[in-house]
Novice: 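Have a look at this one.
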Amino acid sequence: MTQPAQEFLQRHCPKWASQILFEQIEIPGWEVIAAGGDIIVRGGSPSARAVGLRRFLEEYAGMSLAYAGTGARVTFTLRVKKLPLPFTPLRGALPEQKRACFGPMTYTGSPCWWDWERWRDEIDILGLYGVNEALLLIGSEYAWFQSMRGEAIGTDYILGGMSAPPFWPRQLQGKFDSILPPVDPMYLKSRGQMGRAIAERLRAWGITPVLPAFPGTASGSLLGVLRNGARLVPQPIWNGYKHIYRIDPSCAAYARLKEAYETQMAQLFGEIERWWDPGEELDGYALPFEGRTVLHGNAEAAAALTQAAACRVDEPESNPLLYTLHMEALSRDKPADLESWLRGYARRRYGSDQTEAIAALRLLCSTAYAQEGPAPGSVFAMRPAMSLEPTGTGDAAEANYNSLSLFQCANLLLRVKSDMPGWHYDLCDVLRQALSARARECFTRAMEGFAQRDSRVYERGANDFLGLLEDCDRLLRCEEAFRLDYHLARARSCAKMDAERNNFELVLLLQHSLYGAGGVHKKQGYQLHGQAWREWSGLLGSLHMKRWRGFFSHLAAHFGERRFSLETKTHPLGRSAYAGNKFYEQMSEAELDWMRNYMPTNEEGGDLYDTALEICRKYAEYAN
């Protein structure tokens, strides 16, 4: 563990690296002491020493590991040349147990587009939290490709039976056949190289990479191509997608392909300590899935957790406060007092523990972070309908708090005005959710006005809604992590050739609209549309603004008609059918046109503080 820890220190705080030394001793936990001007981190295992290092840097250097936007994964509030020595020894226990992180859906979100530098930072952070087991899917696609090549199958057939990065995890699980297949074998080779580097870094921290076992499935593109005793059995259709085939375990091809796949995985990753069965459900708490940009969860419950066995998270770049609480629970030996914890969190994240900072976090933990059950969907990203519907599957239609408290929280953060990246990120994130929550109320008022044939109420509600959507798009433009153009560039950077770069841009747009090129049921259409919704600048201002303007204009054209309705005959997964009537057919055509013709604007926003202050003043009745 000493080598990756020293590398972490050299990269993030080189002026302190020589001051910290590591010792392995036979104790069940960890301790940090001062000796001759040095800081000694001792522990009985790599994980124990890593946790001890984190605890010391948090307490004495103000280190924050909570995500704070692009280029700011690790921050410090201490700016001096030498670290202060600990007054008294710091000690803690770390029992031998599983402390796992990541699940299959993690690789449908931003991690599937991370470069090596971003992965290295995240792995270092996992090590510092004491994680000792992490699911790793990157690289498995190359092992699959290589094992199929051993069957003397043409490259085009193999590639045609695979899926783009965010859809690969569900294909491994046997949910569907290929979606937007990769076109470049060199891309797959680069994924193999990335996976191997990730596995090596994980092992250097004492973290076991858990790798996907042979899935036992094959694409329909291999029908008649996969020979030598292969029997392919069609699987049940999942949410209307093109079904995938399962290789009959009793046929000769199954054992042969399984052996070939495991050999390729071993060549790529070395000795594999643990396999993950793609049909296995992993335990552990999961934040809102598919990377949806919603602040949601229960901070009190997270603070009460101790020695947790797993923190399964779909998106490590969202809900930083709650993610931190859950990651700390992996090594926490007693419940955290939430009030004092929030003070420490504010000091590390904002460089301030002034009253307003604590009050803002306390308010957040009594509203968005005081929730159980499904997270509320985004009304901005919801496919327009005449009543609130879940934005994506598993979303709640309503929130259990109103927008007033979130505007108050944003206003408190404005009074802090820190130069720390965490403050900028949180101000943008909280105000984003405040605007989104307020828009729910405006939508409800507009629909009430339409139902009551009150044009003034309808017009005010609709115009206020569109104004909030425009303001949210303008706000998010100020923070790179909330901009669609940034994420498109991230996806493009994973490719090795222009055709693949264009393909990956389309993949990202598809993921946030129709969700997959399949899923077309004759009557129900794209059932999983909106599955990976996010409130991002560019996405709000193009796709969602276009849909909502069309919706409100359509209702205005039919205002006062007694029998007017946009109700569809069926409601798959609790939502209006995708192309259930003429209006939704036209909307689907507009969505396809948006995907084909969208061009990133790369338009940066103004100063975040000024923009947020202007927006809060505009909605002053909610912000004070």
Side-chain angles (χ1 to χ4, degrees), residues 102-119 122 134-146 148 158-199 209 211-212 215 217 219 241 244 265 268-269 276 278 289-292 313-318 484 486-519 528 531-534 536 595:
F102 293 166
M105 292 303 101
T106 302
Y107 295 90
T108 67
S110 64
C112 75
W113 306 116
W114 286 351
D115 59 16
W116 166 242
E117 287 72 22
R118 181 66 184 84
W119 264 111
E122 196 67 30
L135 181 66
L136 175 58
L137 301 189
I138 291 177
S140 61
E141 54 269 74
Y142 183 59
W144 175 256
F145 174 78
Q146 289 291 85
M148 285 295 172
I158 304 173
L159 290 175
M162 302 179 72
S163 287
F167 302 112
W168 179 245
R170 280 201 164 98
Q171 184 172 345
L172 277 176
Q173 292 178 311
K175 301 295 188 184
F176 45 59
D177 205 328
S178 56
I179 292 181
L180 286 183
V183 297
D184 179 18
M186 292 306 295
Y187 157 73
L188 293 178
K189 185 175 182 179
S190 72
R191 295 294 276 185
Q193 293 167 342
M194 173 84 80
R196 179 164 53 201
I198 293 170
L211 295 155
T217 57
S219 167
Y241 285 84
I244 198 166
M265 289 288 282
L268 193 60
F269 295 104
W276 166 64
F289 56 98
E290 298 277 0
R292 299 170 183 177
V313 55
D314 280 7
E315 180 51 79
E317 295 183 351
S318 68
L484 176 59
Y486 164 74
H487 293 280
L488 286 170
R490 222 180 193 184
R492 284 180 63 87
S493 69
C494 291
K496 300 299 178 184
M497 56 187 291
D498 286 342
E500 197 79 276
R501 291 186 186 99
N502 296 333
N503 188 37
F504 285 173
E505 277 196 349
L506 181 61
V507 165
L508 193 69
L509 298 177
L510 186 72
Q511 188 185 13
H512 292 88
S513 52
L514 309 184
Y515 197 81
L528 293 187
Q531 181 73 1
W533 62 262
R534 287 172 170 94
W536 284 343
M595 275 202 316

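Index from 1, following the sequence. Values below: every heavy atom of this structure, side chains too, minus hydrogens, waters and symmetry copies.
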Novice: When rounded to the nearest 0.5 angstrom, what distance separates OG in Ser513 from OH in Tyr515?
Specialist: 11.5 Å

Novice: Kindly give the heavy-atom pair with the smallest separation between Pro316 and Phe102, and that separation in Å.
Specialist: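 Looking at all heavy atoms of both residues, the shortest contact is CG-CE2, 4.0 Å.
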
Novice: As an exercise, state the distance from CH2 of Trp116 to CH2 of Trp119, rounded to the nearest 0.5 Å.
Specialist: 10.0 Å

Novice: Quick check on the 6.0 Å ring-centre criterion: do Phe504 and Trp113 meet it?
Specialist: yes

Novice: List the residues meeting ring pair (Phe, Tyr, Trp, His ring centres under 6.0 Å) with Phe176, not counting sequence neighbours, and say none if there are none.
Specialist: Trp238, Tyr241

Novice: Report yes if the side chains of Cys494 and Arg501 come closer than 4.5 Å at any heavy-atom pair, otherwise no.
Specialist: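 Not in contact.
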
Novice: Roughly how far, to the nearest 0.5 Å, is the CD1 atom of Ile198 from the CD1 atom of Ile138?
Specialist: 4.0 Å

Novice: Is Asp314 reaching over with its side chain to a backbone N or O of Glu290, donor-acceptor style, under 3.5 angstrom?
Specialist: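 Yes: the side chain of Asp314 pairs with the backbone of Glu290.
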
Novice: Looking only at non-hydrogen atoms, find the nearest pair between Val507 and Pro166 and report the distance.
Specialist: CG1-CG, 3.5 Å

Novice: Please examine the side chains of Leu509 and Leu484, heavy atoms only from C-beta on, and report whether any two atoms are closer than 4.5 Å.
Specialist: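 Result yes, sub-4.5 Å side-chain heavy-atom pair found.
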
Novice: For a quick check under 3.5 Å, do Asn503 and Glu500 share a side-chain donor-acceptor pair by atom type?
Specialist: yes

Novice: Is it true that Arg118 and Asp115 have a side-chain N and a carboxylate O under 4.0 angstrom from each other?
Specialist: no

Novice: Do Ser318 side-chain atoms and Gly291 backbone N/O form a donor-acceptor pair below 3.5 Å?
Specialist: no

Novice: Could you measure the distance from the CD atom of Glu315 to the OG atom of Ser110? Nearest 0.5 Å is fine.
Specialist: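 Interatomic distance, Glu315 CD to Ser110 OG, rounded to 0.5 Å: 3.0 Å.
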
Novice: Kindly determine whether Leu137 and Thr106 satisfy side chain to side chain contact (heavy atoms under 4.5 Å, CB included), including the steps that lead there.
Specialist: CA-CA 9 Å; Leu137 301 189; Thr106 302; over 6 Å; no

Novice: Any chance you could measure Leu180, atom CG, to Ser163, atom OG, to the nearest 0.5 Å?
Specialist: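 The OG atom of Ser163 is 8.5 Å from CG of Leu180, to the nearest 0.5 Å.
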
Novice: Measure the shortest side-chain to side-chain distance between Trp276 and Ser140 over non-hydrogen atoms and say whether it is less than 4.5 angstrom.
Specialist: no

Novice: When rounded to the nearest 0.5 angstrom, what distance separates CG in Leu506 from CE in Met595?
Specialist: 6.0 Å

Novice: Testing the basics here: between Ala199 and Phe269, what is the closest heavy-atom pair and its distance to 0.1 Å?
Specialist: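 Heavy-atom minimum between the residues: CB-CD2, 3.8 Å.
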
Novice: Does a side-chain heavy-atom distance below 4.5 Å link Leu135 with Pro104?
Specialist: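 Counting from C-beta outward, Leu135 and Pro104 do come under 4.5 Å.
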
Novice: Provide the closest heavy-atom pair for Pro182 versus Tyr187 in the form atom of the first, atom of the second, distance.
Specialist: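 Residues Pro182 and Tyr187, closest heavy atoms: CB-CD2, 4.0 Å.
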
Novice: Mind running side chain to side chain contact (heavy atoms under 4.5 Å, CB included) on Met265 and Gln146 for me, showing each step along the way?
Specialist: CA-CA 10 Å; Met265 289 288 282; Gln146 289 291 85; over 6 Å; no

Novice: For residues Gln511 and Phe167, determine if any side-chain heavy atom of one lies less than 4.5 Å from a side-chain heavy atom of the other.
Specialist: yes

Novice: Any side-chain donor paired with an acceptor under 3.5 Å for Ser178 and Gln171?
Specialist: no

Novice: Set out, in order, the CA-CA distance, both residues' side-chain angles and the distance that settles salt bridge (Lys or Arg N to Asp or Glu O under 4.0 Å) for Glu317 and Arg534, then state yes or no.
Specialist: CA-CA 12 Å; Glu317 295 183 351; Arg534 287 172 170 94; over 6 Å; no

Novice: Heavy atoms only: give me the nearest Trp144-Thr217 pair and the separation to one decimal.
Specialist: CH2-O, 3.1 Å

Novice: Just wondering, are more than 12 heavy atoms of other shown residues or ligands nearer than 6.0 Å to CE in Met186?
Specialist: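 At most 12 heavy atoms, drawn from other residues, nucleotides or ligands, come within 6.0 Å of this atom.
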
Novice: Taking the side chain as everything from C-beta on, heavy atoms only, tell me whether Arg170 gets closer than 4.5 Å to Gln173.
Specialist: yes

Novice: Is there side-chain contact between Arg492 and Asn502, with at least one heavy-atom pair below 4.5 Å?
Specialist: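 Yes - at least one pair of side-chain heavy atoms lies under 4.5 Å apart.
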
Novice: Which atoms form the tightest heavy-atom contact between Gly192 and Leu268, and what is the distance?
Specialist: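 For Gly192 and Leu268, the tightest heavy-atom pair comes out as O-CD1, 3.6 Å.
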
Novice: Is the shortest heavy-atom distance from the side chain of Arg191 to the side chain of Trp168 under 4.5 Å?
Specialist: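 No - every pair of side-chain heavy atoms lies 4.5 Å or more apart.
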
